[in-house]
Amino acid sequence: MVRAVIVGGGGTGDAAAFALRMRGFEGEVVIVSADLDRPYDRPYMSKEFLRGEIELPKVFLHEEADYPKERIELRLNERVSGGSLRERRLTLVGGGEIDFDVLVLGLGGTPRRLPDLPSAENVLTLRSLRDSSTLREALVHASRLLLIGAGFIGAEVAASARKLGKEVLMVEALPVPLQRALGREVGQIYAELHRRRGVDVRTGARVEHWHTDRNRVTGVTLTGGKREDADLVLVAVGIEPNLDLPRALGLDIEGGGVRADAALKAADNVYVGGDVALHDHPVFGRAIRVEHWEVAKGHGRGIAASIASGDASYTKIPYFWSDQYDVNLEYRGQASGDDTAVWRGDREALVFTVFYLRGGLVEAVLSMNDTKTNELGGKLIESRRPVDASSLANPAVDLAALIGAGQATG
Ligand SMILES: Cc1cc2nc3c(=O)[nH]c(=O)nc-3n(C[C@H](O)[C@H](O)[C@H](O)COP(=O)(O)OP(=O)(O)OC[C@H]3O[C@@H](n4cnc5c(N)ncnc54)[C@H](O)[C@@H]3O)c2cc1C
């Protein structure tokens, strides 16, 4: 019997396993996951679960019984260290081997550490359910949280901690929060949003000195500043994609990911998805790598389709969201720094959309509290139809008409 082995029990791996069954794959399906818990909804870890608004088992993607019911063998707390693609065999940390006919890698990433960080019991990172439980418990006893890094995880945890009534000091080396993902102007909107909600936002700032007492950080001195107290620290400075295993297997590594074709195939019978996949995207005509939840799940489903029915290009446009306070951000596509940004809507009221254009084509669309426009923007990206900036900026122009009414309502 054909055996599909999926390494990684996150967004990609879980979606791939269940989609294989939905598509009528009759072979064995095995998930090998280093995680201690069965697959869960990772985005809750900086939001509802962290704040205690949603509890176990609601964070899990499936009931425990669904795995045997769907004949998915779930091997938790097991890590694959290497193997041979030629022999179609994986080796496990601590001994043991597992053979495969087809291999899926959805390995995610590991939070980056800071080189000069003292090892202290109140300095945490956030990736897993266990990390979130630890942070949640620590927040109960903390009064001032120091956040190092104002990317999505840092910004969402800041919002959650404020909701829990904690003081928050946010330290970001770049000029505004979320600059890498969203650019300077939208980042500035987030800086103001967090300040209005009581976060002490320090941008263009770095830690010069860590103050410690026994095994705990008690505060920091920022460059050119005075001492700041803190009794809990979260380091949220991005992830390193987990590439040790792909390297050990001899897969091509490029642009921080495993190089894959448009069908998410990295080698014969080997597919890769989620945070670690750098894959050709037919709509954009270039290779992209995206670290977002819906993309990981979409990759899992796309890989399952290729395994069950033959390789097909994965053409879905990347999508992600972020909730901070009562502000919902949605983003479709992938912009680069030199795209032209066209604004539509009410910036002050935080109900707006930004279109990112390159050569007259919409490459990405970012919306704050503006779901409908974001959906239409996604269709504009897919259409690959040139649009002019003044029409996009003019709220009187019907976007659906720009796409073609048939597609817009479809
Ligand atoms: C706190 C938090 C909040 C987030 N919020 C959002 C959000 O609001 N919106 C959004 O779009 N995205 C969000 N993300 C990002 C999103 O969760 C990730 O992009 C997504 O989980 C990536 O899926 P993946 O399958 O690539 O990896 P993961 O979901 O990280 O899964 C990787 C799996 O691989 C396992 N693994 C790794 N190496 C091995 C090995 N050698 N052997 C065995 N198992 C291994 C890991 O244990 C894990 O089970 C958030 C991420 C975090 C951490």
Side-chain angles (χ1 to χ4, degrees), residues 5-17 30-51 59 61 74-83 90-94 96 98 103-112 124-136 149 151-157 159-160 181 234 236 238-249 257-258 264 271-279 289-301 303 318-324 328-332:
V5 173
I6 298 166
V7 186
T12 309
D14 197 70
V30 184
I31 300 178
V32 183
S33 174
D35 214 309
L36 301 175
D37 299 291
R38 74 176 188 270
Y40 47 86
D41 194 310
R42 210 172 288 281
Y44 282 147
M45 301 303 128
S46 51
K47 312 178 189 68
E48 292 86 345
F49 180 73
L50 183 65
R51 297 193 296 264
V59 299
L61 297 177
L74 184 57
R75 297 173 61 162
L76 297 176
N77 197 14
E78 292 198 53
R79 183 175 289 277
V80 179
S81 55
L90 299 173
T91 47
L92 299 165
V93 172
I98 177 165
L103 176 64
V104 180
L105 301 175
L107 305 168
T110 304
R112 267 190 210 118
L124 305 178
T125 55
L126 175 59
R127 181 75 189 177
S128 67
L129 173 56
R130 304 288 168 123
D131 293 341
S132 184
S133 301
T134 304
L135 177 61
R136 178 172 153 171
F152 282 112
I153 305 290
E156 289 183 355
V157 170
S160 290
L234 181 75
I239 61 156
E240 290 298 340
N242 289 327
L243 297 175
D244 288 353
L245 173 60
R247 275 199 191 98
L249 293 173
V258 182
L264 300 163
Y271 296 85
V272 60
D275 291 359
V276 296
L278 178 85
H279 65 99
R289 189 176 72 79
V290 179
E291 294 173 3
H292 287 297
W293 182 245
E294 288 302 323
V295 174
K297 289 201 304 180
H299 282 176
R301 290 191 284 264
I303 290 168
Y319 166 82
F320 71 85
W321 81 100
S322 174
D323 291 322
Q324 295 167 47
N328 169 254
L329 173 94
E330 288 176 285
Y331 191 107
R332 286 181 157 83

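Order of appearance sets the numbers: ligands from 1, and atoms from 1 within every ligand. Nothing fancy with the numbering, it's 1 onward along the sequence.
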Atom 47 (O) of ligand 1 has as its nearest protein heavy atom Asp35 N, 3.2 Å

Interfacing atoms of ligand 1 (cut-off 4.0 Å, heavy-atom, Gly10) = 25 (O), 28 (P), 29 (O), 31 (O), 33 (C), 49 (O)

Enter the distance from Gln324:CD to Glu156:CD here, rounded to the nearest 0.5 Å.
-> 5.5 Å

Got a sec: does the CG of Asp41 have more than 12 other heavy atoms crowding it under 6.0 Å?
-> yes

For Ala34, the ligand 1 atoms whose distance to one of its heavy atoms is below 4.0 Å = 43 (C), 44 (N), 45 (C), 47 (O)

Please state which protein non-hydrogen atom is closest to atom 14 (N) of ligand 1 and give its distance, to 0.1 Å?
-> Pro43 CG, 4.4 Å

Nearest-contact summary for atom 50 (C) of ligand 1 - protein heavy atom, Å | Ile153 CD1, 4.2 Å

Contacting atoms of ligand 1, where contact means under 4.0 angstrom from a heavy atom of Gly274 = 26 (O)

Can you tell me how far the CG atom of Leu105 sits from the CG atom of Leu264, to the nearest 0.5 Å?
-> 11.5 Å

Parallel under 30°, tilted from 30 to 60°, perpendicular over 60°: which one fits the rings of Phe152 and Phe320?
-> perpendicular

Point-to-point distance, once rounded to the nearest 0.5 Å, from CG of Asp35 to CD of Glu78 | 13.0 Å

Run the numbers for me: atoms of ligand 1, each under 4.0 Å from some heavy atom of Val32, listed by number.
-> 43 (C), 44 (N)

Here the pair of heavy atoms bringing Thr91 nearest to Gly83 is OG1-N, 3.6 Å

Atom 37 (C) of ligand 1: nearest protein contact (heavy atom, Å) = Leu107 O, 3.2 Å

From Gly13, Gly106, Gly8 - option closest to atom 32 (C) of ligand 1 by heavy atom | Gly106

If you have a sec, work out which protein heavy atom is nearest atom 15 (C) of ligand 1 and how many Å separate them, to one decimal?
-> Glu291 O, 4.0 Å

Output for pair (Asp37 CG, Leu74 CG), nearest 0.5 Å, gives 10.5 Å

Distance-only, no hydrogens or angles: does the Arg289 side chain make a donor-acceptor pair with backbone N or O of Asp275 under 3.5 Å?
-> yes

Of Thr12, Leu103, Leu249, Val30, the one forming a side-chain contact (heavy atoms from CB on, under 4.5 Å) with Val7 is Leu103

Side-chain donor/acceptor of Arg75 to backbone N/O of Ile31, under 3.5 Å | no

Ranked by distance from atom 24 (P) of ligand 1, the top protein heavy atom is Thr12 OG1, 3.6 Å

For Glu156, atoms of ligand 1 separated by under 4.0 Å from a heavy atom = 5 (N), 8 (O)

Identify the closest protein heavy atom to atom 22 (C) of ligand 1: which residue and atom is it, and at what distance?
-> Asp275 OD1, 3.1 Å

Residue selection (non-hydrogen contact nearest atom 9 (N) of ligand 1) among Trp321, Trp293, Tyr319 | Trp321

Would you indicate which of Glu78, His292, Lys47 comes nearest to atom 7 (C) of ligand 1 when only heavy atoms are counted?
-> Lys47

Under 3.5 Å: N/O of Met45 near N/O of ligand 1 = no

Could you tell me whether Val80 and ligand 1 have an N or O pair separated by under 3.5 Å?
-> yes

Does the Ser160 side chain pair with the main chain of Ser46, one donor and one acceptor, at a distance under 3.5 Å?
-> yes

Please could you name the atoms of ligand 1 that Asn242 approaches to less than 4.0 Å, counting only its heavy atoms?
-> 37 (C)

Nearest-option assignment for atom 48 (C) of ligand 1, heavy atoms, candidates Arg79, Arg42, His299 | Arg42

Starting from atom 27 (O) of ligand 1, locate the nearest protein heavy atom and write down its residue, its atom name and how far away it is, to 0.1 Å.
-> Gly108 CA, 3.1 Å

Going from CG on Leu36 to CG on Asn77, what distance comes out if it is rounded to the nearest 0.5 angstrom?
-> 5.0 Å

